[in-house]
Peer 1: 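Can you read through this structure? Questions will come right after.
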Amino acid sequence: MTSTRNREPKSGPLERYIAILEAVLGPPDGLNTRELEVMLGLPRTTVNRLLSALTASDLIEKGGRRGTFKLGRRLSQILQSDNAWLQLASKRLLKALAEETGETCFIARLYGATIQSIVMEPPDASVGGVLPGHVLLPHAAEYRKTWKQGYAIENGEHIGGLFTIVYPVILVPDQPPIYALGITGPAERIGSQLVPVLQEKLERTAAEFANVFSLGRKKRG
């Protein structure tokens with residue numbers, strides 16, 4: 001039997017905070033106070049109070065337009081923290097990229113100051129160079145450089161003879177990425193391929209991966 005409580009309309013302070021978060025989640029440039037007032041049917045004083053509390057907790061932040069608010073970095077990272085479903089969802093994409101390039105492909109995640117691989121796929125049954133759970137040295141996937149330059153390369157600095165190229169996975173616009181997509185293999189083989197060609201393949205797959213993440217987030221929501 002379904003309880004009466006479960007059929008009651010949602011209300012209360014917590015529901016108002018959630019409504020603000022759901023509202024600013026969509027528009028890339030965020031929403032301003034007036035837009036939130038109209039959308040949620042709340043008075044300006046209430047909207048301002050809710051925005052102040054959410055901003056103080058880093059759950060929302062200033063948006064792209066003047067006076068607007070968008071999803072904050074803290075909440076973005078929380079939404080990106082579940083890796084179990086990610087490993088299953090990304091397996092097909094990684095496998096396809098591995099078969100296309102003939103090299104081992106992987107996804108790495110930034111945990112504070114540590115970079116750790118979370119899923120990998122070799123082009124065949126052989127063991128690749130990056131195993132799930134393997135901690136990478138910072139220069140193996142330079143997240144800041146990757147984000148600004150568009151990609152980063154390691155050519156034997158960590159492991160002699162190993163060539164790695166990584167590309168950022170942008171899940172939240174204008175936010176530093178915490179995931180990166182990489183291709184790794186013997187330098188004499190992978191290094192002979194044109195970096196722009198590899199970059200193009202990584203960019204395409206990274207966009208597909210970001211779309212999978214977006215769909216997964218909606219299903220979990």
Side-chain angles (χ1 to χ4, degrees), residues 25-29 64 70-71 73 76-77 79-83 85-111 115-124 128-132 134 136-159 162-218:
L25 181 62
D29 291 333
K70 65 179 182 179
L71 204 64
R73 181 173 304 181
S76 298
Q77 291 180 338
L79 292 174
Q80 297 174 24
S81 63
D82 182 6
N83 292 332
W85 72 270
L86 185 150
Q87 294 179 17
L88 293 175
S90 61
K91 189 177 182 65
R92 177 185 61 81
L93 293 176
L94 282 182
K95 189 65 176 178
L97 183 62
E99 292 178 349
E100 181 180 359
T101 61
E103 306 295 345
T104 296
C105 299
F106 66 93
I107 292 175
R109 189 189 192 282
L110 181 65
Y111 292 90
I115 300 168
Q116 181 175 321
S117 62
I118 58 175
V119 59
M120 63 84 83
E121 279 292 330
D124 49 42
V130 179
L131 301 175
H134 180 70
L136 306 175
L137 294 181
H139 60 265
E142 300 168 86
Y143 272 69
R144 292 186 182 277
K145 179 180 178 181
T146 303
W147 186 35
K148 293 179 180 180
Q149 177 178 288
Y151 66 94
I153 291 176
E154 182 198 64
N155 190 1
E157 291 89 350
H158 181 204
I159 300 177
L162 189 68
F163 187 100
T164 302
I165 177 172
V166 295
Y167 191 90
V169 178
I170 306 299
L171 302 182
V172 181
D174 302 322
Q175 294 280 350
I178 64 172
Y179 290 110
L181 174 67
I183 298 175
T184 186
E188 68 272 14
R189 186 173 69 216
I190 193 173
S192 64
Q193 303 186 52
L194 293 177
V195 169
V197 174
L198 294 176
Q199 183 184 1
E200 181 181 352
K201 297 179 189 299
L202 285 169
E203 181 178 9
R204 182 196 67 225
T205 305
E208 293 174 347
F209 173 76
N211 185 55
V212 167
F213 175 88
S214 177
L215 293 174
R217 185 174 62 187
K218 290 178 181 178

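If you're wondering where the values come from, they're calculated on a predicted model, not measured in any experiment.
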Peer 1: May I ask you to test the Thr104-Pro123 pair for a side-chain heavy-atom distance under 4.5 Å?
Peer 2: yes
Peer 1: Please report the interatomic distance NZ(Lys95) to CZ(Arg92), rounded to the nearest 0.5 Å.
Peer 2: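 CZ of Arg92 is found 13.5 Å from NZ of Lys95.
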Peer 1: What I'd like to find out is whether the side chain of Thr184 reaches to under 4.5 Å of the side chain of Phe106, using heavy atoms alone.
Peer 2: yes
Peer 1: Hey, could you give me the CD/CD1 distance between Glu121 and Ile107, rounded to the nearest 0.5 Å?
Peer 2: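 Result: 10.0 Å between the selected atoms.
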Peer 1: Is any side-chain heavy atom of Leu97 less than 4.5 Å from a side-chain heavy atom of Leu181?
Peer 2: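 They are in side-chain contact.
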Peer 1: Which heavy atom of Ile183 sits nearest a heavy atom of Glu103, and at what distance?
Peer 2: CG2-CB, 3.7 Å
Peer 1: So, for Ala206 and Tyr167, which heavy atoms are closest and what is the spacing to 0.1 Å?
Peer 2: CB-CD2, 3.7 Å
Peer 1: List the residues meeting salt bridge (charged side-chain N to carboxylate O under 4.0 Å, His left out) with Glu100, not counting sequence neighbours, and say none if there are none.
Peer 2: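 With sequence neighbours excluded, Glu100 shows a salt bridge (charged side-chain N to carboxylate O under 4.0 Å, His left out) to Lys201, Arg204, given in chain and number order.
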Peer 1: How long is the span from the CZ atom in Phe209 to the CG atom in Leu94, to the nearest 0.5 Å?
Peer 2: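 With rounding to 0.5 Å, CZ (Phe209) is 8.0 Å from CG (Leu94).
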